[in-house]
Amino acid sequence: MIFEFNNFELKVRAVLFDMDGVLFDSMPNHAYAWSHAMTQFGLEMTAYEAYLHEGRTGSGTINILTQRYWGRDATEEEIECIYAAKSEVFNTLPEPMPMPGAFEALTAAKELGCMIVLVTGSAQTSLLERLEEHYPGFFREDLMVTGFDVKRGKPDPEPYLMGLQKASIKAEEAIVVENAPLGVEAAHKAGIFTIAANTGPLEDHLLKDAGANIVLPGMMEVACLLRGSINEK
Ligand code: MG
């Protein structure tokens, strides 16, 4: 498809979708679980801060807090312990719902003839299984980058570079749909045109400052934007 926006014109062959906060409304659960798990260890983290760190690896997030409160990185054991506590809280919460508008955005991307690539830092097997349940036929296992694949999480460009590699395309042939500042930063550093869907409590300028080319209020608007480029084709 030809994607036109302001002065941009891209021949897009793939749309790379983040998962948490884009395809599933799972961020409130993650933020709640992080903040409650950290408190058990005397580490104070607000839900808002959890949103700021979205996309970081578990150990990366934990070390930011232990540096602040303990003046040092967490040991392997501590990381395991805190992450287990986070997962335990997360698993008690109701299943995250699909994000409103995500199905429409995926449909628009598919109708444009684009490959659909998943690029997530998540290694939550339950959510990956739920992708097929809620978005049947959109995702291919060979076009998925998950927390199991990457060494350096977002904001490192590695996950998005790996996504490009799996789709065998160049950065200028892709669009990224992200919701988090660190995810946007990763995509931007990978040289990819990035649409931010601001589905959480953060201010728009945080996404803009991270390098988003467009900031929209939600996934329905992303779907409309993509559909707009169908009509212009
Ligand atoms: Mg996200």
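Start at 1 and go down the list; that is how both ligands and their atoms are numbered.
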Checklist entry - Hey, is Glu185 close enough to Lys154 for a salt bridge, meaning N to O under 4.0 Å? => result no
Item to check | Asp20 (side chain) donor-acceptor with Asp25 (main chain) under 3.5 angstrom | outcome: no
Checklist entry - Can a salt bridge be assigned to the pair Glu49 and Arg68 using a cut-off of 4.0 Å between side-chain N and carboxylate O? => result yes
Item to check | Name of the Asp18 atom (N/O/S only) found closest to the Mg ion (ligand 1) | outcome: OD2
Checklist entry - Take atom CZ in Phe41; do more than 12 heavy atoms of anything else shown fall under 6.0 Å from it? => result yes
Checklist outcome for this item: For the Mg ion (ligand 1), the nearest N/O/S atom on Asp20 is atom O
Item to check | Atom name in Glu54, limited to N/O/S, at shortest distance from the Mg ion (ligand 1) | outcome: OE2
Checklist entry - N/O/S atom of Thr120 under 2.8 Å from the Mg ion (ligand 1), yes or no? => result no
